[in-house]
Each structure stands twice: as structure tokens, then as C-alpha cells.
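These notes concern the structure reproduced below.
Letters go in sequence order (proteins before strands), and every chain restarts at 1. Keep in mind that what you see is a predicted model, and the values were worked out from it rather than measured.
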Number of protein chains: 2
Amino acid sequence: MKLTTKGRFAVTAMIDVALFNHGEPVTLAEISGRQKISLSYLEQLFGKLRRHGLVDSVRGPGGGYNLAKAPGTISVSDIILAVDEPIDTTSCGGEKNCYDDSICLTHHLWASLNAHIFTYLQGVSLQSLVEDAKVRRSPSIHVVKDHRKPSAPLPVAA
Amino acid sequence: MKLTTKGRFAVTAMIDVALFNHGEPVTLAEISGRQKISLSYLEQLFGKLRRHGLVDSVRGPGGGYNLAKAPGTISVSDIILAVDEPIDTTSCGGEKNCYDDSICLTHHLWASLNAHIFTYLQGVSLQSLVEDAKVRRSPSIHVVKDHRKPSAPLPVAA
DNA sequence: AGATACCCGAGTAAATTAGTCAAGCTAAAG
DNA sequence: CTTTAGCTTGACTAATTTACTCGGGTATCT
């Protein structure tokens, strides 16, 4: 699992599509305007998202992108894996500090951490992110102390 | 929380110190030989580890490094934070795709993920890693199906 | 036809990582 | 008290990765 800004952009863009896809496909130009991501970069990202079956494209005027699946069935890990392909950070898949008796002292650790991160992101659906965004986008003046699911209970650590 | 090979090297080196620190301090040259990490690179890493109070240095002949604290009280997150200083991956701490009503659609998500990773690594002590290493280093010919703590229950995901 | 919008691959610039080098300081051994 | 092993410091370079651009396509609708 690699965590780069590329993956972040991709997730943001997917949320945007989910938010603004009311019947008509969403164009990259719109997303670019709303999220301040360069059009060319979006093209690159959506090429991958499409090839991985996360979005469907419609060409020609009035075209754009639709989600290929229900937002509840798309996880953040799906999105990140789609754009950040080269996957294993487990090191030692042929790396050099992995020898005889001092065999990969930490291999275990990283593999396990990786799995952790992956599992976590797998558990977050696009839908849940969209719902969060909708709540936050509603008139913030009158924010009732809300009781939605405790998605982030934490100290923005490190 | 940044996860780079630098952090991995640092953790590996710390395990090495913990493993071979029997009274005498451990020299970087030894670590370099055992773990195949360049001496100069180790110098850089241990400078940071020392400044963060994770190791103590002993100068002069017979010198080297000792752990500054009991391995049970040093967590992997301590080590990684020591060498990979610039900490926040939360984006949006002044980044550009964070505007008006489409405010940081994903901020929440990354902050939460960050906290997750951090908490996990904080829960892994150097001691536990050392114990794992010791087990693995024992005669591998006669590996009895062992029942030690289930540290990595997983599919080496992604 | 012509405008709209996706498609795609090569190319580049910036940032990060990994690793080097050289000069200096410290303390133990002889 | 001089030698010498070995840590200390920090600036410097090379390689890799990331982020992003560009230019020329192709499909489709009006």
C-alpha cells in the first residue's frame, strides 16, 4: 500500500463524481474546476480508474464519467490501488538487507502493518465519505451536535 | 507518519543493537556488516536516534551505541518519528486542494488513517521485535510449530 | 463538419531518498 | 602524552520517485 498525494487526488475526485453525478455524467473539466486539480492530471488518473472498472466513461459532447458501481461497494483501497499500482512495500521482495541469519528482522512487522492499513482503507466506502462530505457541506451555521457514526475519533496523530 | 525505507533501516538497526548489546556498546561498523547498511548512512540515522534520546553513544575505542531505554519502552513509532521527522501526511495543512465548500473532502479520512497507523506502531515495542528475531534465529532445522503471540495474522496485503 | 470531451503515451521538473565525503572531536590504551 | 579507534557533524551528490504537462489522437453528438 502506497500513500501518495496521487492517491489522495484520486479519492477526492471520486468523491466529487459521486457527489455531482445526478443523471448526467460528470466531466473532468468540472472536477478540475471544483477540486483545483489540473485537467491533464485528472485525465491520467481517470484512465487508470476506468481501466480498473471503477468508473465508466461516456465520450462525445455531454459525456464524462459515471461511477461504475454503487458507492457503497467501492472502497478507498480500491481507488488507491487503481492509481498507485506498484503495490508491495513489504521490502525484502528481493531487497538487499535480507540475509542469512539476520533474515529480514522487520519483514514481519511491515507485512503486518501493511495489512493493517489495507484492511482499514478497505473498510471505508466511497459512500461513507460522500455522506460525510454532504453533512459538512450543509449550512454550517446551524450545526446541531450530530450523532452520526464515529468515523474519526482521534488526535490527528503524528 | 511517513513510511520509508529510511524508517525501516532505522528499526532494523535498533533491533540489531538490542540483539547484540551484551555489556559492550555496539559499533556502527558491526551493524553495517551484519545488516548490510552502509556505514555512512548508519551514521546519519544514529545521529538522529541519539538526538531523540533513543540511544546513547560512547566515544573512543571500545565505544559505540547502547539503547538509552529498556527495549520494552521503545516503540516502533518512536524510531520512525526520530528519523523521518517531517511528520504530517494529513495534507491540507496549507495544501491547495482545500477550498470553500469542497473543503478537504478527504481530510477527515487521512487524519483518521494516520492516527490508525500511528497507534498500531506505537503498540509494537522493540522488545517484541527482538523476541521474534531471536525465535527466528534459532536452529531452523527443528522448527516446532510454535504458539507464540499471534503478531501477524494476515495476507501480506497489497 | 465541427465542437465537445475522453484517450494515451512520452516527456519533464521538482522533490525526496539514499548514500558519500571530509574534517574534527573524544577517550582509552600503550 | 601520543597514538589511534571510533564517534560527530554537516554539507554535498546521485538516483529514484512523484507530480504534472504536452500534443496529438478518437469517439460522439448536433
Tell me: [atom1] of [X] to [atom2] of [N], nearest whole Å?
X: A:Leu28; N: C:dA5; atom1: CG; atom2: P; value: 10 Å
X: A:Gln35; N: D:dC20; atom1: CD; atom2: P; value: 14 Å
X: A:Leu45; N: D:dC20; atom1: CG; atom2: P; value: 9 Å
X: B:Lys48; N: D:dC7; atom1: NZ; atom2: C1'; value: 18 Å
X: A:Lys6; N: D:dT21; atom1: NZ; atom2: C1'; value: 13 Å
X: B:Arg8; N: C:dT16; atom1: CZ; atom2: C1'; value: 15 Å
X: B:Arg51; N: D:dC7; atom1: CZ; atom2: C1'; value: 13 Å
X: A:Leu42; N: D:dA19; atom1: CG; atom2: P; value: 14 Å

With sequence neighbours left out, what residues match A:Glu43 under salt bridge (Lys or Arg N to Asp or Glu O under 4.0 Å)?
none
Scan A:Phe46 against the nucleic acid and name what it touches under 4.0 Å (heavy atoms): base, sugar-phosphate only, or nothing.
nothing
For B:Gly63, answer base if it contacts any base atom (sugar-phosphate contacts may also be present), sugar-phosphate if it contacts only those atoms, and nothing otherwise; contact means non-hydrogen atoms under 4.0 Å.
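Sugar-phosphate contact only - B:Gly63 comes under 4.0 Å of backbone atoms but never of a base.
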Where does DNA chain C pair, written as one dot-bracket string 5' to 3', with Watson-Crick or G-U pairs under 3.5 Å, ( ) inside the strand, [ ] for crossing pairs and | for another strand?
||||||||||||||||||||||||||||||
I need a per-nucleotide contact map over nucleotides 20-30 of chain C, read 5' to 3'. Cutoff is protein heavy atoms under 4.0 Å; write B for the base, S for backbone only, - otherwise.
B---BBBB---
Between B:Arg50 and D:dC7, does any side-chain N or O lie under 4.0 Å from OP1 or OP2?
no
Using OP1 and OP2 only, check whether a side-chain N or O of A:Ser57 sits under 4.0 Å from C:dC7.
yes
Just wondering, do [Y] and [X] contact through their side chains at under 4.5 Å, heavy atoms?
X: A:Ile31; Y: A:Phe20; answer: no
X: B:Val26; Y: B:Arg34; answer: yes
X: A:Val55; Y: A:Met14; answer: yes

Minimum heavy-atom distance B:Gln122-B:Ser77, with the two atoms named:
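Between these two residues, the closest heavy atoms are CA-OG, 3.4 Å.
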Quick one: which of D:dC20, D:dC7, C:dG19 gets closest to the side chain of B:Thr27?
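The listed nucleotide nearest to B:Thr27's side chain is D:dC7.
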A:Leu49: which of A:Leu54, A:Leu42, A:Val17 passes side chain to side chain contact (heavy atoms under 4.5 Å, CB included):
A:Leu54
Only counting residues at least two apart or in another chain, list the ones meeting side chain to side chain donor-acceptor pair (under 3.5 Å) with B:Glu24.
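Listed in chain order: nothing, the list is empty.
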Who passes side chain to side chain donor-acceptor pair (under 3.5 Å) against B:Ser125, sequence neighbours left out?
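So B:Ser125 forms no side chain to side chain donor-acceptor pair (under 3.5 Å) with any residue.
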Distance-only donor-acceptor hits, side chain of residues 62-71 of chain A, under 3.5 Å, sequence neighbours excluded:
from    : atom 1 : to      : atom 2 : distance (Å)
A:Asn66 : OD1    : A:Asn21 : ND2    : 3.2

